[in-house]
2 protein chains.
Amino acid sequence: MRQSNASSATGQVGSLVLPKSVDALHTLIAEQQEQLSARLKLVSVYLVEHPQQVAFSTLAEIAKAAGVHASTLVRFANHFGFGGFSELQKLYKNQLLEHPSNYRERISQLKKASGNNQNTTPTHLLHEFIDGNQLALSLLQQQITPELLDASVETLLKANEVFICGIRRVYPVATFFNYTLSQMDVRCSLIDGQESMQAEQGKWMNRESALIAITFNPYGKIPRETVELAKKQGSKIILITDSELCPLAPLVDHLFIVREAEVRAFRSLNSTLCLAQTLCVALGYRKQDVGK
Amino acid sequence: MRQSNASSATGQVGSLVLPKSVDALHTLIAEQQEQLSARLKLVSVYLVEHPQQVAFSTLAEIAKAAGVHASTLVRFANHFGFGGFSELQKLYKNQLLEHPSNYRERISQLKKASGNNQNTTPTHLLHEFIDGNQLALSLLQQQITPELLDASVETLLKANEVFICGIRRVYPVATFFNYTLSQMDVRCSLIDGQESMQAEQGKWMNRESALIAITFNPYGKIPRETVELAKKQGSKIILITDSELCPLAPLVDHLFIVREAEVRAFRSLNSTLCLAQTLCVALGYRKQDVGK
DNA sequence: GACTTCATGGAATATTTATTCCTTTTAGTA
DNA sequence: TACTAAAAGGAATAAATATTCCATGAAGTC
């Protein structure tokens, strides 16, 4: 380091204050993103996405990984007011020192703090939801059988149109299916029972089509009527629900039971969404196979 | 590194095979612990207890931290068969690269692992998605700060109306917010840009209201215009996005960066949804507090 | 199309960092 | 206490690494 003054002769001065934390730096980078040159942009993307590597790699290594020349890194650092790249790198190293990898510790601290909890801080809730959702996902892994998945995907593959019924609490799942299937070139339509139009919306269900119905306790009227209609019209039915006791269960061709995390009486949608994603992507791959 | 042969002239040869992982090294260290000299013992303790630091500090820094002279470190490395300390240090660096505490890295590894994988059975996909989502959730845990959460919840609490903007891929998240906030007795409305009505839909945003915008790369026009409108009209803005580099980031009051799992180029929504859930439920609790 | 300006990569140079060698210190033994 | 052997620290030196400077090339302007 020959000189470590900001606003050096190089001209470009990123800012008047030099960031003293990785977060601050990233914010600054984000702000200036547009004004950066192509290579400098590459650098910024690399820094933001690989902070860990930045912390303990050498200039040359980082340069190579980011796809730029070593001097570009130095210029980048200068641009943001650092005397050299090493100075910038120090930020990343410090972050690792302060924010240690033992985040296990953080969890157990949190758990301790929550023992018998009136603890409803947002952070605490976040951690509870995360824990709950992770657990629910593990459960999903155990409970969904390959046969059921395969068969459902085949049904969707054969259908010339897919109807999706999910309202209220599970409406996000329905919209997820709708968007993702559309992206996969699957003709699909949403039955949301708006203005009690479920019968009209489901009118075109038939032996060639499939219905994906999602309904959780308390099971509502719209999905029930839709499933019954589908049954009557000979459409294949895939039901995603939360219990074998769902009254619609006997009617359907493929039955998914998903146990969602429930934290403080709020049930999540994570596992259902994960299942939905799997069905869509698996269908996408199958379509490719068949297309060939 | 002038010579990198094990069992150099220095005399002491720790072992015949030179350890190729940190774990192997630590085992070896533990075995030989008793036979080490005072200073070398200091070194061993430091290495075992601060593997992270060892990975990215310089010889001199480590020496100082461990309370020994630099050359002692080199001797230590030699003792265990390394040509120099750098060689030993490489083990620690590699460990960080392979086993990163950084979930981002693990996620991209997962991506890589499945990249050329032809195994696209639904079950296999399900497991990939579950793994990816679990990792992403852990990352969420690490990256969302309490301050940000608290501040966002306060903003929502103060707002007399909450607008929600999320379309296409993140539309399920928007509908989730919409439903859940409604359940919490929060007045809210969805800006979905249907028929290019975003300006009309956002017309009533003002200083008393808050906007929750969700947009992921590629950042679309509707969220951008909505955020800009909100800014102009003085509404508070909470942005949920996937990178600091999102061009809207500088405009907003609260910025959430969520790294979603990406499996076979399909990005998930799990973490975003989990965050959404947290915000809603935390807000619910806060409203209760205030109500009292 | 010529000119200017800025960005880029290469190579020389400065700086930092690691390693070796040698001297001093320490501990053990007669 | 004197001697020996091993260990530790210091300083010189070698190696690696970062930084600067400059030539080249690209983009924009008149």
Side-chain angles (χ1 to χ4, degrees), chain A residues 1-14 32-44 46-47 53-93, chain B residues 1-14 32-44 46-47 53-93:
Chain A
M1 260 168 273
R2 318 243 177 102
Q3 61 159 330
S4 59
N5 265 336
S7 62
S8 66
T10 329
Q12 277 145 313
V13 178
Q32 307 216 355
Q33 178 73 212
E34 286 315 309
Q35 297 136 51
L36 294 177
S37 72
R39 292 303 151 114
L40 258 32
K41 243 180 241 172
L42 275 181
V43 174
S44 69
Y46 186 83
L47 292 191
Q53 265 89 335
V54 174
F56 62 78
S57 301
T58 68
L59 191 69
E61 287 166 345
I62 298 171
K64 195 175 161 205
V68 300
H69 195 257
S71 48
T72 306
L73 290 178
V74 178
R75 264 197 297 276
F76 183 93
N78 290 147
H79 179 93
F80 284 95
F82 297 93
F85 188 78
S86 306
E87 232 171 80
L88 182 153
Q89 190 182 33
K90 206 172 292 172
L91 255 50
Y92 287 82
K93 292 192 176 182
Chain B
M1 258 169 275
R2 316 241 179 104
Q3 60 158 330
S4 59
N5 266 336
S7 61
S8 66
T10 329
Q12 276 145 313
V13 178
Q32 306 214 356
Q33 177 80 315
E34 288 315 309
Q35 296 138 52
L36 295 176
S37 73
R39 294 300 151 120
L40 293 192
K41 244 181 242 172
L42 275 181
V43 173
S44 68
Y46 186 82
L47 292 192
Q53 269 89 333
V54 174
F56 61 82
S57 302
T58 68
L59 192 71
E61 286 167 347
I62 297 172
K64 196 177 161 202
V68 301
H69 190 94
S71 47
T72 306
L73 290 179
V74 179
R75 265 197 296 275
F76 182 93
N78 291 146
H79 179 92
F80 284 96
F82 297 93
F85 187 78
S86 304
E87 235 171 76
L88 182 152
Q89 192 182 30
K90 206 170 291 169
L91 254 51
Y92 288 82
K93 291 193 176 182

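Worth knowing before you read on, the calculation uses all heavy atoms, side chains too, and leaves out hydrogens, waters and symmetry mates. Note that this is a predicted model, so its numbers are computed, not measured. Each chain gets a letter, A, B and so on, in the order its sequence line appears, and its residues count up from 1.
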Asker: Picking from dG9(C), dA7(D), dA7(C), which would you name as closest to the side chain of S37(A)?
Answerer: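 Shortest atom-to-atom distance from the side chain points to dA7(C).
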
Asker: Do F76(A) and V68(A) come close enough that some side-chain heavy atom pair is under 4.5 Å?
Answerer: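 When only atoms from C-beta onward are counted, V68(A) and F76(A) do not touch, as no gap falls below 4.5 Å.
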
Asker: Base, sugar-phosphate, or nothing: which does S71(A) touch, judged by heavy atoms less than 4.0 Å apart?
Answerer: base

Asker: Looking at T72(A), I'd like to know whether one of its side-chain N or O atoms comes within less than 4.0 Å of OP1 or OP2 on dG9(C).
Answerer: yes

Asker: Counting side-chain heavy atoms from CB outward, which of dA18(C), dT19(D), dA8(D) is closest to L40(B)?
Answerer: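 The answer is dA8(D).
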
Asker: Distance check: side-chain N/O of R39(B) vs OP1/OP2 of dG9(D), anything under 4.0 Å?
Answerer: yes

Asker: Distance check needed: dA16(D) C1' versus K90(B) NZ, whole Å only.
Answerer: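 Nearest whole value for this atom pair: 12 Å.
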
Asker: Nearest whole Å is fine: how far is dT17(C) C1' from F85(B) CZ?
Answerer: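 It is 12 Å, rounded to the nearest whole Å.
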
Asker: Can you check whether Q32(A) reaches H79(A) side chain to side chain, under 4.5 Å on heavy atoms?
Answerer: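 Sidechains of H79(A) and Q32(A): in contact.
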
Asker: Quick check for you: among dT17(C), dA8(D), dT19(D), whose closest atom lies nearest to any side-chain atom of T58(B)?
Answerer: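 It is dT17(C).
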
Asker: Please tell me if the side chains of L47(A) and L88(A) come closer than 4.5 Å, counting only heavy atoms from C-beta onward.
Answerer: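 Answer yes - side chains close enough.
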
Asker: Quick check for you: among dT17(C), dT19(C), dT20(D), whose closest atom lies nearest to any side-chain atom of A70(B)?
Answerer: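 Closest nucleotide among those given: dT19(C).
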
Asker: Is any side-chain heavy atom of Q53(A) closer than 4.5 Å to a side-chain heavy atom of Y46(A)?
Answerer: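 Yes, side chains in contact.
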
Asker: Among dG9(C), dA18(C), dT19(D), which nucleotide sits nearest the side chain of H69(A)?
Answerer: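 The answer is dG9(C), which lies nearest to the side chain.
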
Asker: Quick check for you: among dT20(C), dT8(C), dA18(D), whose closest atom lies nearest to any side-chain atom of N78(B)?
Answerer: dT20(C)

Asker: How many whole angstroms separate atom CG of L36(B) from atom P of dA8(D)?
Answerer: 10 Å

Asker: How many Å lie between NE2 on H79(B) and C1' on dA7(D), as a whole number?
Answerer: 13 Å

